[in-house]
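Written out below as structure tokens is the structure these notes cover.
Index from 1, following the sequence.
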Amino acid sequence: MSPFAGACIDANVQPHFRYNAEIRRYLPAAHKLRSIPDVEQQWYQAPGGDYRRDLYGKHYPGSDLEIVSRQLFDDTGVDYAILNPLTRGNIADYLLNSCICAAVNDWLLERWLDPDATNRFRGTIRVNPEDPKGAVGEIERLAGHPKLVQVGVPMQSREPYGKPMFEPIWEAAAAHGLPVAVRINGGNGVDYPPTFAGHAHTYPGYASFMPLNYFVHLATLIIEGVFGRHPGLMFVFADGGYDILTPLIWRLDTFWLSMRDQTPWVDRYLSEYLRAHVRFCSSAFDGPVDTGQMPRWMDFSDKADLVMYGSSYPHWSTAQPDTAVAGLDALQREKVLWRNANELYGLTVTSSVP
């Protein structure tokens, strides 16, 4: 496979520890011997394994800096990669969870960002949203690092992210110009069912419906006025789901219009908040099967301005750049492959295509 010829930013790469217990090296002494969920502790596993089979070897997939660099930059042709590691999702002991997030951040700096001679990796400050004070402290501790370009939280949450208890976290992120990336996490100790109506029976049911939880977070962020109070706040939903954005946001617009007296702080159609505050990472499974319909479909809700290429490497569903933008017109391809991410993360990619 030859590298992709054009400019490209991979906005969703998942680095791993070399082995599950490696995280303990980065934990405080009081927490080193605590019970910590395995990162793969989930009810739903992909039938052939969660990660690409060709990436298994001496180390866990996505755990070796040199191998990942070669496969992303040399083999695939990516210009920059945004690293967003898993933590351990929701854990009943919120202080332990905050220590785990801090340990993941220290590991990301020591093992990935600081040794990166290519200067093409960027990272995520993982925080525990159930500990707002601790999360704000973690953002303040690390926001000055030039290679940390966003704040990361799990999709799994016991409350929608528009609720007031989370706002200090979003305020701190916005104050430092850091987007907030929301992604499905692993190893959860305390978790709600993955669908709005309970547990799915199979992995396809989980994989189809779990990403749609983003819309509950997004709707409450708009309806509760969070985006209105923080005009610089950006959210990145990293697990796709933008294929159902248009009908749901249209439905939300309709209900808001008929009941505006309940949300006087929302001063425009809810769909009008998207461009200034929301981005999605692309998936090869989002969108119409007929690629001939893709350009028109992307025009609904201005999705070409909202979507960024994200391979989900080393996940089994890793999508190559050409696959992720199949059927799009030239301008849409550029926006998805690099322009949107370039602007969001303040990178320095320039188009190699006239």
Side-chain angles (χ1 to χ4, degrees), residues 12 37-48 50 86-92 94 97 128-130 152-166 180-224 226 235-259 262-263 266 270-271 273-274 278 280-289 297 300-301 303 306-307 312 315-317:
N12 190 30
D38 190 304
V39 73
E40 287 192 337
Q41 180 183 316
Q42 302 182 62
W43 287 110
Y44 301 95
Q45 295 283 329
D50 277 344
L86 297 178
T87 55
R88 296 298 190 272
N90 295 326
I91 298 176
Y94 72 92
N97 201 359
N128 173 21
E130 295 198 347
V153 295
M155 176 82 79
Q156 298 93 325
S157 172
R158 287 183 277 184
E159 294 285 350
Y161 282 147
K163 291 292 187 71
M165 71 277 282
F166 301 116
V180 177
V182 184
R183 64 165 305 177
I184 298 171
N185 226 124
N188 292 292
V190 180
D191 205 0
Y192 277 147
T195 81
F196 307 136
H199 289 279
H201 176 217
T202 62
Y203 177 83
Y206 170 83
S208 297
F209 290 105
M210 180 63 198
L212 306 190
N213 285 281
Y214 86 81
F215 195 78
V216 178
H217 294 310
L218 173 60
T220 60
L221 285 162
I222 299 173
I223 293 171
E224 298 285 345
V226 177
F235 264 72
V236 177
F237 295 100
D239 293 293
Y242 63 91
D243 50 340
I244 54 96
L245 175 67
T246 296
L248 288 178
I249 203 74
W250 284 352
R251 182 178 179 86
L252 207 56
D253 276 349
T254 300
F255 277 95
W256 167 78
L257 188 62
S258 60
M259 304 176 190
Q262 295 190 19
T263 56
V266 180
L270 282 69
S271 56
Y273 286 91
L274 296 178
V278 181
F280 294 86
C281 290
S282 69
S283 164
F285 301 110
D286 287 349
V289 175
W297 175 79
F300 291 139
S301 305
K303 285 191 285 288
L306 309 181
V307 179
S312 294
H315 202 255
W316 70 272
S317 60

Passes side-chain contact (heavy atoms from CB on, under 4.5 Å), Val278 versus Tyr273? Steps please.
-> CA-CA 8 Å; Val278 181; Tyr273 286 91; over 6 Å; no
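- Atom-to-atom distance recorded for Ile222:CD1 and Phe235:CZ is 11.0 Å, nearest 0.5 angstrom.
- Residue Asn97 comes nearest to Gly89 through the heavy atom pair ND2-O, 3.0 Å, listed as atom of the first residue, atom of the second, then distance.
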Show the atom names and distances, to 0.1 Å, of all donor-acceptor pairs under 3.5 Å that link a side chain in residues 204-219 to residues at least two apart or in another chain.
residue	atom	partner	partner atom	Å
Ser208	OG	Pro204	O	2.7
Asn213	ND2	Pro194	O	3.0
Asn213	ND2	Met210	O	2.8
Tyr214	OH	Gly241	O	2.9
His217	ND1	Tyr161	N	3.1
His217	NE2	Met155	O	3.0

Intermediate values then yes/no, side-chain contact (heavy atoms from CB on, under 4.5 Å), Leu245 and Phe300 = CA-CA 9 Å; Leu245 175 67; Phe300 291 139; over 6 Å; no
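- Atom OH of Tyr44 sits about 9.0 Å away from atom NE2 of His201, to the nearest 0.5 Å.
- Between the OG1 atom in Thr220 and the NZ atom in Lys163 there is a gap of 8.0 Å [rounded to 0.5 Å].
- Atom CG of Asp239 sits about 6.5 Å away from atom OG of Ser312, to the nearest 0.5 Å.
- Atom-to-atom distance recorded for Ile244:CD1 and Arg251:CZ is 12.0 Å, nearest 0.5 angstrom.
- Using a 4.5 Å heavy-atom threshold, the side chains of Pro154 and Thr87 count as separate.
- Ser282 has its side chain within reach of Tyr242: a pair of non-hydrogen atoms, C-beta onward, lies under 4.5 Å apart.
- Environment of CZ in Phe196: crowded, with over 12 heavy atoms of neighbouring residues, nucleotides or ligands closer than 6.0 Å.
- No donor-acceptor pair closer than 3.5 Å links the side chain of Ser157 to the backbone N or O of Pro160.
- Atom CG in Leu86 sits 5.0 Å away from atom CZ in Arg183 (nearest 0.5 Å).
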Begin from the C-alpha positions of Gln262 and Ile223 and carry the test side-chain contact (heavy atoms from CB on, under 4.5 Å) through to its verdict.
-> CA-CA 10 Å; Gln262 295 190 19; Ile223 293 171; over 6 Å; no
Between Gln156 and Ile184, is a side-chain contact (heavy atoms from CB on, under 4.5 Å) present by the stated rule, with each step listed?
-> CA-CA 7 Å; Gln156 298 93 325; Ile184 298 171; 3.8 Å; yes
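- Arg158 pairs by the salt bridge (charged side-chain N to carboxylate O under 4.0 Å, His left out) definition with Glu130, not counting sequence neighbours.
- Contact detail for Pro247 and Asp243: the closest heavy-atom pair is CD-O, 4.4 Å.
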